[in-house]
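Heads up: numbering here begins at 1 and tracks the sequence. Indexing begins at 1, ligand by ligand and atom by atom, following the structure's order.
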Amino acid sequence: NYTTRALAQPLTDADQLIYSVETFIFDCDGVIWKGDKLIDGVSETLDMLRSKGKRLVFVTNNSTKSRKQYGKKFETLGLNVCEEEIFASSFAAAAYLKSIDFPKDKKVYVVGEDGILQELELAGFQYLGGPEDGGKKIELKPGFLMEHDKDVGAVVVGFDRYLNYYKIQYGTLCIRENPGCLFIATNRDAVTHLTDAQEWAGGGSMVGALCGSTQREPLVVGKPSTFMMDYLANKFGIMKSEICMVGDRLDTDILFGQNGGCKTLLVLSGVTSLSMLQSPNNTIQPDFYTNMISDFLLPKVA
Ligand code: PLP
Ligand code: CA
């Protein structure tokens, strides 16, 4: 019930926040990096937190890469982060299917990019679809009927720069013709920042296409849904009150932390400005806000 939350406070005592929690969950884009560029001071900040014995976890709604591919990205950026600390929404989709014992003889139809395919493969699930799908022509002659695999038991939709009508129709057939078929979304981010010059249609746009045709709502496994938070807390045996969620986006990251009962810190190094946070139209208030995570290294403000 965010309406009763106090207004976010500037972070004046980072040491106290660090002392009060055991785990930091960091959102990636806008907190750790911007696109392919590391944000200043991140490496030193992570090292400092590790030296204090804090557990560090990294969560991203960007489903285009697998955790293995993110591991490479962290390494390329010179950050000391291992795959097991990374939880992307691509991984979350596969983890969710595992958690419900999705049958291995059923198939997953993927509207999305390589990251989701890699995670499904690693988890041992059969899948079809993916970025290349839909090269086939749809011939709209009288009587034309598009076939689909009746063994598809789940449709997973994530960000897909190669979305086309074939994929929308395929996913629609799977869901509409089989009421038991699961409809899973990696995330519903309205927009994303593929370049810093403008906002670009996000994963929510691909999910929206399937919502429109199926008239069903998906189960979201990425932020702000609680699936990943529950998964993490369970996996590492962490109390949610001992977690601080650090992110740059109010309706995904901060809500994710609040839905999970964690402390929340908004950083202004990404998509949210101080005026957006303080706008009367904004209903989501983190506990604290600060410019960037390297503010953790600054001496306490008197
Ligand atoms: N989805 C896509 C396609 C993106 O490009 C991004 C950011 O780059 C995101 C989601 C949001 O990622 P994050 O949750 O790390 O901020
Ligand atoms: Ca972000």
Step-by-step side-chain hydrogen bond (donor to acceptor under 3.5 Å, both in side chains) determination, T60 to N62: CA-CA 5 Å; T60 176; N62 187 338; 5.3 Å; no

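Shown here for T214 and T172, the closest heavy-atom pair between the two residues is CG2-CA, 4.1 Å.
Cation-pi geometry between R55 and F24 is not satisfied (NZ or CZ under 6.0 Å from the ring centre, within 45° of the ring normal). Both tests do not hold together for R216 against F183: distance to the six-membered ring centre under 6.0 Å, angle to the ring axis within 45°. In this structure, K104 satisfies the cation-pi test against F125, with its NZ or CZ atom closer than 6.0 Å to the six-membered ring centre and inside 45 degrees of the ring normal.
Among W33, F159, Y70, F26, the residue whose heavy atom lies closest to atom 3 (C) of ligand 1 is F159. Checking L194, T192, N62, D27 against atom 13 (P) of ligand 1, the nearest heavy atom belongs to D27.
The number of heavy atoms from other shown groups lying within 6.0 Å of CD (E75) does not exceed 12.
Under the 3.5 Å distance criterion, with hydrogens and angles disregarded, no donor-acceptor pair is assigned to the side chains of S63 and S90.
D29 contributes atom O as its closest N/O/S atom to the Ca ion (ligand 2). When you scan the N, O or S atoms of D27 for the one nearest the Ca ion (ligand 2), you land on OD2. Of all the N, O or S atoms in D248, the one closest to the Ca ion (ligand 2) is OD1.
Within the 4.0 Å heavy-atom cutoff, K223 counts among the residues contacting ligand 1. Judged by the shortest distance from any of its heavy atoms, T64 lies outside the 4.0 Å radius around the atoms of ligand 1.
The residue from Y70, F74, W33 that alone fulfils the ring pair (Phe, Tyr, Trp, His ring centres under 6.0 Å) condition with F58 is F74.
Within ligand 1, counting atoms from 1 as listed, the ones closer than 4.0 Å to a heavy atom of T60 are 12 (O), 13 (P), 14 (O), 15 (O). Remark: ligand 1 atoms within the under-4.0 Å shell around heavy atoms of D189 are 10 (C), 11 (C). Of all atoms in ligand 1, listed by their number and element, those nearer than 4.0 Å to a heavy atom of C28 are 15 (O).
Here R249 has no heavy atoms under 4.0 Å from ligand 1, in either its backbone or its side chain. Residue N61 touches ligand 1 through backbone and side chain together, judged by heavy-atom distances below 4.0 Å.
The shortest contact between atom 8 (O) of ligand 1 and any protein heavy atom is with D29 CG, 3.4 Å.
Checked for salt-bridge contact, D253 and K223 meet the test: a charged N lies under 4.0 Å from a carboxylate O.
The Ca ion (ligand 2) has no N, O or S atom of D253 under 3.0 Å away, backbone or side chain.
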